[in-house]
Amino acid sequence: MTDVTKDKSSWAVGGGVILGLGVGFFFLRTDALWFVGSMMIGLGLGLLVASLLSGRRK
């Protein structure tokens with residue numbers, strides 16, 4: 001069982017989404033799909049970092 005206080009994967013996913021949201025605001029005037037795409041890229045990066053963090057822990 002994993003310790004909830006030491007698990008930082010949710011922080012990585014949330015941080016990636018917030019990063020994508022911040023970058024997406026610059027593209028919002030250009031096209032709304034770029035905004036959504038940057039949020040998806042941020043989510044993907046957050047999931048990648050989360051998997052790397054969980055792999056290093058074991």
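The two residues S38 and G20 make their nearest non-hydrogen contact at OG-O, 3.2 Å.
Grouped by direct or indirect side-chain proximity (heavy atoms under 4.5 Å, Ile/Leu/Val/Met/Phe/Trp/Tyr only), F27 sits with V23, W34. Hydrophobic cluster membership of W11, counting Ile, Leu, Val, Met, Phe, Trp and Tyr whose side-chain heavy atoms lie under 4.5 Å apart directly or via other members: none, as it forms a cluster of its own. If you chain together ILVMFWY residues whose side-chain heavy atoms come under 4.5 Å of each other, F26 ends up in a group of its own.
The CE atom of M39 sits 11.5 Å away from atom CG of L19, with the distance rounded to the nearest 0.5 Å.
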Taking only distance into account, with no hydrogens and no angle test, what donor-acceptor pairs under 3.5 Å do side-chain atoms of residues 42-49 form with protein atoms, sequence neighbours excluded?
none

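F25 is linked by a ring-ring contact (aromatic ring centres under 6.0 Å, His included) to F35, counting only residues two or more places apart in sequence or in another chain.
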